[in-house]
Undergrad: 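So that we are looking at the same thing, I have put the structure below in structure tokens.
All of these numbers come straight from a predicted model, not from anything done at the bench. Note on naming: letters A, B, ... go to the chains in the order of the sequence lines (proteins, then strands), and numbering restarts at 1 for each one. In what follows, every heavy atom counts, from backbone to side chain, and hydrogens, waters and symmetry copies are set aside.
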Amino acid sequence: MRFGLCCLFLAEKISFRTTTAKVLSAMERKQALDKVSNICLHNSDNLLLAVQAAQRLGIGAFRIMSPLFPRMTHPEVGYRLEDLPQAETISTRLSATRAFSEEHDIRLSFHPDQFVVLSSPHAHVVENSVRELEYHAFLAELVGADVINIHGGGTYGDKPAALARFAEVFKRLPENVATRLSVENDDASYTVTDLLPMCMELGLPLIHDVHHHRCNPDGLDECEATDLAAATWRGREPYVHISSPREGWQGNPKPHSDYIDEADFPQCWLGRTMTVDVEAKAKELAVVRIMQAMNGRL
DNA sequence: GCATGTCAAGTTGTG
DNA sequence: CACAACTTGACATGC
């Protein structure tokens, strides 16, 4: 079992920069490309530092933040890597990240944000979503990430119809996206039970988020959900997600706490081969703490 | 320096 | 009906 860190560090001096479309659009094109080039290089440098820090801390997976190349897909201020003055240095840095990650078996993934909705009835939403997935796949190929994980999206009052739209879009995705895509149960709409038939049909891996499962239960117990989701990975190492509720289980359980409560770690995960992404505000400190708490029982 | 408002994008649930 | 939540802060601006 390996544990994964999501996007950011708390104590380590590793940071990622971003910018906004508004700022870039107020600049001359060349000036904007200079600015974004500096940010992309900074982020590529820090991504290498991130996987090195993960390796040093015994963390076996890292989720890369989506805006590694900020606003790359924006219709007005978007750009290609080769447009950036420092493109070559940036590529070199990403290759180094890939080489380091492969050498030390650090698994890399992406989790595009809520705007990626393949089940939407709106053509422009789906179109933007596919473009966003292509951007993630482009980065994934450069750094050697094997998973791009999204949610089912909205239900629009009819889950089967929404999932049918999802499936149709999936079948048209470019190969570099389709071979990396996974879908995760969420805390409001789609459960493991909802997603499983589509995942089996499409050969699409299902990520079991046990916190979402507890917020949005479907009758499966955690072991059943874990087993069924794991089978969709067809021999690849399954991913699962865990977090603890900030206000405890008696309050609103959805907001994430700083650390993982050991009691929230499913017993039936013990001894399994899988990647456990830790979604906790204390970031690498939370990952290290739960790894130590579970030490000897994995 | 530090506080504050803002930032592309979707959808759902809460007050 | 506005707004927070989602995986989540960081940047730009003005004092």
Side-chain angles (χ1 to χ4, degrees), chain A residues 4-10 14-27 32 35-36 38-39 42-43 46 50 61-79 109-136 147-159 162-163 165-166 169 182 184-191 194 207 209 211-212 215-216 239-247 251-258 260 276-284 286-287:
Chain A
L5 169 65
C6 299
C7 305
L8 300 169
F9 290 80
L10 193 63
I14 293 168
S15 67
F16 296 94
R17 295 177 54 202
T18 188
T19 187
T20 64
K22 187 174 181 173
V23 167
L24 294 178
S25 64
M27 303 169 92
K35 178 185 175 70
V36 90
N38 283 325
I39 293 175
H42 170 94
N43 289 350
N46 277 264
F62 184 67
R63 182 188 300 176
I64 301 170
M65 48 170 26
S66 291
L68 192 75
F69 288 5
R71 307 290 85 83
M72 191 180 207
T73 60
H74 189 277
E76 276 90 50
V77 302
Y79 52 91
S109 69
F110 289 91
H111 193 355
D113 55 33
Q114 59 271 32
F115 311 110
V116 174
V117 184
L118 299 189
S119 59
S120 177
H122 308 110
H124 70 279
V125 173
V126 174
E127 196 177 311
N128 290 342
S129 297
V130 172
R131 180 166 358 105
E132 195 63 20
L133 288 175
E134 288 170 344
Y135 155 75
H136 282 84
V147 170
I148 301 172
N149 176 47
I150 62 174
H151 290 289
T155 65
Y156 316 91
D158 186 345
K159 283 188 200 180
L163 290 180
R165 285 193 298 271
F166 187 116
V169 176
S182 66
E184 174 192 346
N185 63 305
D186 64 79
D187 60 13
S189 303
Y190 293 100
T191 64
D194 291 329
I207 291 188
D209 185 316
H211 185 69
H212 291 160
C215 294
N216 183 21
Y239 254 98
V240 294
H241 292 177
I242 189 166
S243 45
S244 282
R246 190 205 309 152
E247 304 162 23
N252 174 6
K254 293 181 181 180
H256 293 167
S257 62
D258 291 347
I260 304 302
V276 181
D277 262 3
V278 174
E279 297 179 339
K281 304 279 187 189
K283 294 299 164 192
E284 82 277 18
V287 181

Undergrad: Ring-on-base stacking between A:F115 and B:dG10, under 5.5 Å between centres and under 30° between planes: is it there?
TA: no
Undergrad: Quick check for you: name the first and last nucleotides of DNA chain C, 5' to 3', having an atom under 4.0 Å from a heavy atom of chain A.
TA: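 Boundary nucleotides touching chain A, in 5' to 3' order, are C:dC6 to C:dA12.
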Undergrad: For A:E184, give me all partners under salt bridge (charged side-chain N to carboxylate O under 4.0 Å, His left out), at least two apart in sequence or on another chain.
TA: none
Undergrad: Provide the distance between the two P atoms, one in B:dT6 and one in C:dC3, to the nearest whole Å.
TA: 11 Å
Undergrad: With a 3.5 Å distance limit and no angle check, can you tell me whether A:K159 reaches the backbone of A:S189 through a side-chain donor-acceptor pair?
TA: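 Yes: the side chain of A:K159 pairs with the backbone of A:S189.
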Undergrad: For A:K283, what residues pass the side chain to side chain donor-acceptor pair (under 3.5 Å) criterion, not counting sequence neighbours?
TA: none
Undergrad: Can you list everything that forms a side-chain contact (heavy atoms from CB on, under 4.5 Å) with A:D187? Sequence neighbours excluded, please.
TA: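 Counting only residues at least two positions away or on another chain, A:D187 forms a side-chain contact (heavy atoms from CB on, under 4.5 Å) with A:H212, A:C215, A:K254.
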Undergrad: At under 4.0 Å between heavy atoms, what does A:H151 touch on the DNA or RNA strands: base, sugar-phosphate, or nothing?
TA: sugar-phosphate
Undergrad: Can you tell me how far P in C:dT13 sits from the matching atom in B:dA8, rounded to whole Å?
TA: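 Straight-line distance between the two P atoms is 13 Å.
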Undergrad: Pick base, sugar-phosphate or nothing for A:S120, based on heavy-atom distances below 4.0 Å to the nucleic acid.
TA: sugar-phosphate
Undergrad: Return the set of residues passing salt bridge (charged side-chain N to carboxylate O under 4.0 Å, His left out) with A:R71 (not counting sequence neighbours), or none when no residue passes.
TA: none
Undergrad: Given the C1' atoms of B:dA3 and C:dC6, what is the spacing between them in whole Å?
TA: 26 Å
Undergrad: Restricting to nitrogen or oxygen on both sides, can you table the protein-nucleotides 12-15 of chain B pairs closer than 3.5 Å?
TA:
from	atom 1	to	atom 2	distance (Å)
B:dT12	OP1	A:T155	N	2.8
B:dT12	OP1	A:T155	OG1	3.4
B:dT12	OP1	A:Y156	N	3.1

Undergrad: Using a cut-off of 4.0 Å on non-hydrogen atoms, how would the nucleic acid contact of A:H211 be classed: base, sugar-phosphate, or nothing?
TA: nothing
Undergrad: By side chain to side chain donor-acceptor pair (under 3.5 Å), which residues pair with A:T20, not counting sequence neighbours?
TA: none
Undergrad: Validate the cation-pi geometry between A:R165 and A:Y156: distance from NZ or CZ to the six-membered ring centre under 6.0 Å, angle to the ring axis within 45°.
TA: yes
Undergrad: Kindly give the atom pairs (protein nitrogen or oxygen, nucleotide nitrogen or oxygen) under 3.5 Å for nucleotides 5-8 of chain B.
TA:
from	atom 1	to	atom 2	distance (Å)
B:dC7	OP1	A:K22	NZ	3.3
B:dA8	OP1	A:A21	N	2.4
B:dA8	OP1	A:K22	N	3.2
B:dA8	N7	A:R71	NE	3.0
B:dA8	N6	A:T73	OG1	2.8

Undergrad: If you take all heavy atoms of A:H211 and A:S244, which pair is closest and at what distance?
TA: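 Where A:H211 meets A:S244 most closely, the heavy atoms are CE1-C, 4.1 Å.
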Undergrad: Using Watson-Crick pairs (N1 to N3, plus N6-O4 or O6-N4) and G-U wobble pairs, both distances under 3.5 Å, which stems of at least 3 pairs involve DNA chain C?
TA: B:1-7 with C:9-15, B:10-15 with C:1-6
Undergrad: Check for a donor-acceptor pair, side chain of A:N43 on one end and backbone N or O of A:F16 on the other, with a separation under 3.5 Å.
TA: no
Undergrad: Considering every strand and a 4.0 Å limit on heavy-atom distances, what is the contact class for A:P112: base, sugar-phosphate, or nothing?
TA: base
Undergrad: Name the nucleic acid region contacted by A:E279, choosing base, sugar-phosphate or nothing; use a 4.0 angstrom heavy-atom cut-off, strictly under.
TA: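 Sugar-phosphate contact only.
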Undergrad: If you find the nucleotide of DNA chain C closest to A:T18 and the one closest to A:D113, which residue's nucleotide is nearer the 5' end?
TA: A:D113
Undergrad: State which residues pass ring-ring contact (aromatic ring centres under 6.0 Å, His included) with A:F62; sequence neighbours excluded, sorted by chain then number.
TA: A:F9
Undergrad: Does the ring center of A:H111 lie less than 6.0 Å from the ring center of A:H151?
TA: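 Judged by ring-centre distance (under 6.0 Å), A:H111 and A:H151 do meet the cut-off.
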Undergrad: Among residues at least two apart in sequence or on other chains, which ones pass side chain to side chain donor-acceptor pair (under 3.5 Å) with A:D186?
TA: none
Undergrad: Cut-off 3.5 Å, side chains only: do A:T191 and A:N216 have a donor facing an acceptor?
TA: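 Their side chains do not contain a donor-acceptor pair, so the 3.5 Å distance test is not met.
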Undergrad: For residues 117-130 of chain A, which residue pairs qualify under side-chain hydrogen bond (donor to acceptor under 3.5 Å, both in side chains), counting only residues two or more places apart or in two chains?
TA: A:S120-A:H122, A:N128-A:R131
Undergrad: When you compare C:dT8 with B:dC7, how far apart are their C1' atoms, in angstrom units rounded to a whole number?
TA: 13 Å
Undergrad: How far does the P atom of C:dT7 sit from the matching atom of B:dC2, given to the nearest Å?
TA: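 Taking atom P in both C:dT7 and B:dC2, they lie 32 Å apart.
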